[in-house]
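In what follows, every heavy atom counts, from backbone to side chain, and hydrogens, waters and symmetry copies are set aside.
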Amino acid sequence: SVRTCVCHSRQTVPALWGSRAQQRWASSLPMNTVVLFVPQQEAWVVERMGRFHRILEPGLNFLIPILDRVKYVQSLKEIVIDVPEQSAVSLDNVTLQIDGVLYLRILDPFKASYGVEDPEYAVTQLAQTTMRSELGKLTLDKVFRERESLNANMVHSINQASDDWGIRCLRYEIKDIHVPPRVKESMQMQVEAERKKRATVLESEGTREAAINVAEGRKQAQILASEGQKAEQINKAAGEANAVLAKAEAKAKAIRLLSEALTRQNGNAAASLTVAEQYVSAFSNLAKESNTILLPSNTGDISSMVTQAMAIYGSLSKTKSTAESVTAETEPILEGSTVSETETGHK
């Protein structure tokens, strides 16, 4: 079944439609044979005495001879129409050659028959003008990036205008977009420049990341080194403190043992012997530490030196015992004065 729009004879087919459209428009209308069989997905528009009568549904139908006549045959299938290539100017004044494919369907056979003389041709012209209008709103770069939105805008605009024709535009697809050779060359140069820019940016970012990593590594190394030095100094100080304590404890123990030894029998003789030994050792090291040496007048008289050292020791011991006795005598007096002051306060 083919769609035809013929009144009493065949209409002239527009030159824009190809061979397929010419074949669809060139067929004659079915004759009134009283009993008619309408194929599926077709709508036959019947006029009675020159006025619209009814639309025949698929299947068996009956018509009155002479009075009824099939005026239009509309196909309800989805129709594919090639939109011819046309030139359009974008927003940035670039001339483009663009073509597309239009998918539509007849929803209302009555409007498609009586609302417009040639529905498909009208939709095709509407698609071309709408495409030029939509391309004038976009720059060249956006035309390539927003083809889907451009197709959707085309469908919306066509449906607004073709609603009175009983036609519904289902899809519009852009087939090819041709740009002038010079513009194409400039676009290729722009792409190459953009790629070089990205490569330079990536290289600089890599250099920056490498420098940051090196700086972070040095920072961490310095932190670890300082922490190591800190731990070393702490351990060294702790060791020195332990050594000082050990020396002090050893010296205290030695002094305690020495004091215990001096209180025993012949303790003074042992102390005299120790003093004499240290005296001889000191004189043996005098010339090793300094060139200036101060010597007493009786250097060779060791016994007098020992006697003098023991006398100093004896006087120190006597002074200590005297201080202890004074302290012992003073304590009762202080206690008595404290008691008398307390009683006076109570009174």
Side-chain angles (χ1 to χ4, degrees), residues 3 12-25 77-106 112 116-165 167-210:
R3 177 195 177 279
T12 304
V13 181
L16 292 174
W17 297 82
S19 59
R20 183 180 303 175
Q22 291 177 358
Q23 292 175 4
R24 182 168 66 246
W25 280 63
K77 299 178 183 179
E78 185 173 345
I79 303 172
V80 181
I81 301 175
D82 288 329
V83 180
E85 187 178 30
Q86 60 177 334
S87 62
V89 181
S90 63
L91 184 61
D92 49 356
N93 297 324
V94 178
T95 302
L96 303 175
Q97 297 293 329
I98 187 168
D99 58 357
V101 180
L102 187 64
Y103 300 85
L104 54 88
R105 176 177 292 171
I106 296 176
V116 63
E117 181 68 23
D118 187 351
E120 296 180 3
Y121 179 73
V123 171
T124 303
Q125 296 301 312
L126 179 62
Q128 288 182 327
T129 56
T130 305
M131 175 58 69
R132 284 193 291 266
S133 176
E134 291 295 330
L135 287 177
K137 301 176 183 178
L138 301 175
T139 60
L140 180 60
D141 294 334
K142 290 186 177 181
V143 169
F144 290 99
R145 289 199 304 264
E146 301 180 3
R147 294 183 66 169
E148 293 184 0
S149 62
L150 182 60
N151 293 336
N153 293 336
M154 287 285 299
V155 172
H156 179 70
S157 300
I158 292 174
N159 285 332
Q160 284 183 338
S162 63
D163 186 53
D164 295 335
W165 303 339
I167 298 175
R168 181 73 177 178
C169 180
L170 303 179
R171 295 182 306 279
Y172 182 87
E173 299 293 338
I174 298 175
K175 291 174 60 177
D176 295 318
I177 300 176
H178 301 283
V179 297
R182 292 184 179 179
V183 177
K184 190 174 182 179
E185 293 177 0
S186 63
M187 291 175 63
Q188 292 178 352
M189 294 175 62
Q190 181 180 0
V191 171
E192 293 178 359
E194 188 68 24
R195 289 178 179 176
K196 291 181 180 179
K197 176 184 175 182
R198 292 179 182 177
T200 305
V201 170
L202 292 176
E203 184 178 0
S204 63
E205 290 180 354
T207 304
R208 184 186 65 178
E209 291 294 334

May I ask you to decide if N159's main-chain N or O and D163's side chain share a donor-acceptor pair within less than 3.5 Å?
-> no
Hey, could you give me the OG/CD distance between S149 and E134, rounded to the nearest 0.5 Å?
-> 9.0 Å
To the nearest 0.5 angstrom, please state how far the CD1 atom of I174 sits from the CG atom of L135.
-> 6.5 Å
Take Q128 and V83, measure what side chain to side chain contact (heavy atoms under 4.5 Å, CB included) needs, and give me the verdict at the end.
-> CA-CA 7 Å; Q128 288 182 327; V83 180; 3.6 Å; yes
State whether K137 and E146 are salt-bridged, where the test is any N-O pair (Lys NZ or Arg NE/NH1/NH2 against Asp/Glu carboxylate O) under 4.0 Å.
-> no
Value for CG (L202) from CD (E205), rounded to nearest 0.5 Å, stands at 6.0 Å
Step by step, would you call V101 with D82 a side chain to side chain contact (heavy atoms under 4.5 Å, CB included)?
-> CA-CA 5 Å; V101 180; D82 288 329; 3.8 Å; yes
Side-chain donor-acceptor pair present, D92, S90, cut-off under 3.5 Å | yes
Quick one: pull up CE in M154 and OG in S133 and give me the separation to the nearest 0.5 Å.
-> 9.5 Å
Check whether any side-chain heavy atom of I158 lies under 4.5 Å from a side-chain heavy atom of L102, and answer yes or no.
-> yes
Do V179 and L96 have side-chain heavy atoms sitting under 4.5 Å apart?
-> yes
Atom pair CG (N151) and CD (E173), whose distance is rounded to the nearest 0.5 Å | 5.0 Å
Yes or no on side chain to side chain contact (heavy atoms under 4.5 Å, CB included) for R198 and E194, after CA distance, side-chain angles and deciding distance?
-> CA-CA 6 Å; R198 292 179 182 177; E194 188 68 24; 3.9 Å; yes
Is the shortest heavy-atom distance from the side chain of L170 to the side chain of L104 under 4.5 Å?
-> no
Please report the C-alpha distance between I98 and I177 in whole Å, then the side-chain angles of each, then the deciding distance to 0.1 Å, and finally whether the side chain to side chain contact (heavy atoms under 4.5 Å, CB included) criterion is met.
-> CA-CA 5 Å; I98 187 168; I177 300 176; 3.9 Å; yes
Supply the atom-to-atom distance Q97 CD to Q86 CD, rounded to the nearest 0.5 angstrom.
-> 8.5 Å
Do T124 side-chain atoms and E120 backbone N/O form a donor-acceptor pair below 3.5 Å?
-> yes
